[in-house]
Amino acid sequence: MDCSNQTAPSNFVLSGFPYAGELKVPLFLFFSVMFALTLAGNSLIILVVIFDLQLHKPMYWFLCHLSILDMAASAVVVPTVIAGFNPGGNIISFSGCVTQIFFFNFLGCAESLLFTLMAYDRFLAICKPLHYGNIMSWRVCLVLSLGTIIGGCLNSTFQTSLTFRLPYGQINYIDYVFCDIPAILKLACADTKLNELMTFIDVGLVAMTCFLLILASYVYIIMAILRLSSIEGRHRAFSTCTAHVSVVVIYYLPVVYHYLRPASQGSMDGVISMFYTTVTPLLNPLIYTLRNKEIKTALLKLWGGNAE
């Protein structure tokens, strides 16, 4: 790479989806519809929880928090992808790229921390039901939620600062569908091995720590459920937890593939990364709605129906 002129470019050109060709219009419509459905579905979850007093519980507080993060994560990336299908829409300013990287990593980290809190909430509710009300008070819920925001912000500030402290030349073509750290590092006019190692360690540390805590919580939860004498009680407990487990698995599989494998990342990897910024935020409200009787009942009330 020619880095004789180490003046940072004023904008970047994103490669967009590889081999899109004549599929640009269908892809444009697909992502537009997915984005609209994501906003509608998560907004509906938030409205249902706010207006139904029966859902004013810590579990649903965290679900509202998840819906907000999902909408934000989708809004950070998907509009850029949609714009890329239009002529000249694949150009993003330098400051816009920095902003996208910051919020993409911030929301990703905050969501990982939130999934851990949701697992801890289910652990307390099932394994320590007599103490649940005292431990998981509204003040504690608020503090824990703010902790995910602060943790995500600090983590992303570190990652973004580490990335853009490097010098960049005038080459501004990013072989990716949106601005992300691995793709940007390829344009740096310096040795990026330390940055790549730090990104791998940081993402791996956060993701694996959260995943292990979630796994530990569900080991205790499953043991507690199996000790229940009532079959109906077991079914209710499993039903409450399966939605969260499904969402965690759907979220973590693309993250592991995208960040925690020793391979160079190109535009096709950007397609994989779109899964947890496009598909996962849409699936979350669907999974929780289909697997949660209280939310289904609240939806019927909201639309003036009669709950079974």
Side-chain angles (χ1 to χ4, degrees), residues 1-18 72-73 75-84 86-112 149-208 254-274 276-277:
M1 181 180 296
D2 182 12
C3 290
S4 56
N5 184 357
Q6 293 188 6
T7 302
S10 59
N11 55 54
F12 292 103
V13 178
L14 298 166
S15 67
F17 268 71
V76 165
V77 173
V78 179
T80 300
V81 176
I82 293 174
N86 299 312
N90 60 337
I91 298 175
I92 185 171
S93 66
F94 184 87
S95 59
C97 190
V98 175
T99 302
Q100 189 172 64
I101 284 178
F102 173 81
F103 281 102
F104 178 70
N105 286 276
F106 157 56
L107 294 166
C109 180
E111 198 154 331
S112 292
I149 300 298
I150 294 172
C153 185
L154 292 175
N155 180 271
S156 184
T157 299
F158 169 73
Q159 285 290 344
T160 307
S161 301
L162 194 66
T163 300
F164 288 98
R165 71 175 179 81
L166 298 173
Y168 291 88
Q170 285 299 301
I171 297 178
N172 66 344
Y173 182 79
I174 301 176
D175 187 23
Y176 216 62
V177 293
F178 63 94
C179 287
D180 197 10
I181 290 176
I184 288 292
L185 289 178
K186 293 180 180 180
L187 306 182
C189 298
D191 187 358
T192 61
K193 290 182 180 178
L194 177 61
N195 291 72
E196 293 169 1
L197 179 62
M198 291 302 296
T199 299
F200 181 85
I201 292 175
D202 181 65
V203 174
L205 181 63
V206 172
M208 289 307 299
V255 172
V256 171
Y257 174 85
H258 181 53
Y259 286 104
L260 302 183
R261 63 189 178 92
S264 61
Q265 296 172 330
S267 54
M268 282 305 297
D269 289 313
V271 176
I272 300 297
S273 71
M274 287 301 301
Y276 58 87
T277 56

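Everything quoted here is computed from the prediction, not taken from an experiment.
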Looking only at atom types and distance, does a side-chain atom of [X] sit under 3.5 Å from a main-chain N or O of [Y], one as donor and one as acceptor?
X	Y	answer
Thr192	Asn195	no
Ser112	Ala207	no
Asp180	Pro182	no
Asn11	Phe94	no
Ser156	Gly152	no

* Structure fact -> Taken in chain and number order and not counting sequence neighbours, the residues that satisfy side-chain contact (heavy atoms from CB on, under 4.5 Å) with Thr80 are Leu14, Gln100
Taking all atoms of both residues into account, what is the closest heavy-atom pair of [X] and [Y], and its distance?
X	Y	result
Met198	Gln159	O-NE2, 3.7 Å
Tyr173	Leu187	O-CD2, 3.4 Å
Ile184	Cys97	CD1-SG, 3.6 Å
Leu166	Ala188	CD1-CB, 3.9 Å
Ile174	Ala183	CG2-CB, 3.7 Å

* Structure fact -> Given the options Thr163, Val98, Ile101, Cys179 meets side-chain contact (heavy atoms from CB on, under 4.5 Å) only with Ile101
Would you give the length of the straight line joining atom [atom1] of [X] to atom [atom2] of [Y], rounded to the nearest 0.5 angstrom?
X	Y	atom1	atom2	value
Phe158	Cys109	CZ	SG	12.0 Å
Cys153	Asn105	SG	CG	11.5 Å
Ile181	Glu196	CD1	CD	11.5 Å

* Starting from the C-alpha separation in whole Å, work towards a yes-or-no answer on side chain to side chain contact (heavy atoms under 4.5 Å, CB included) for Phe12 and Ile91. => CA-CA 6 Å; Phe12 292 103; Ile91 298 175; over 6 Å; no
* To do: If the plane angle is over 60° it's perpendicular, under 30° parallel, otherwise tilted; pick one for Phe106 and Phe103.
  => perpendicular
* Thr277 vs Val76, side chain to side chain contact (heavy atoms under 4.5 Å, CB included): CA-CA, chis, key distance, verdict -> CA-CA 9 Å; Thr277 56; Val76 165; over 6 Å; no
* Asked: Hey, would you say the Phe178 and Tyr176 ring centroids sit under 6.0 Å apart?
  -> yes
* Asked: Asn155: what forms a side chain to side chain donor-acceptor pair (under 3.5 Å) with it, not counting sequence neighbours?
  -> Asp202
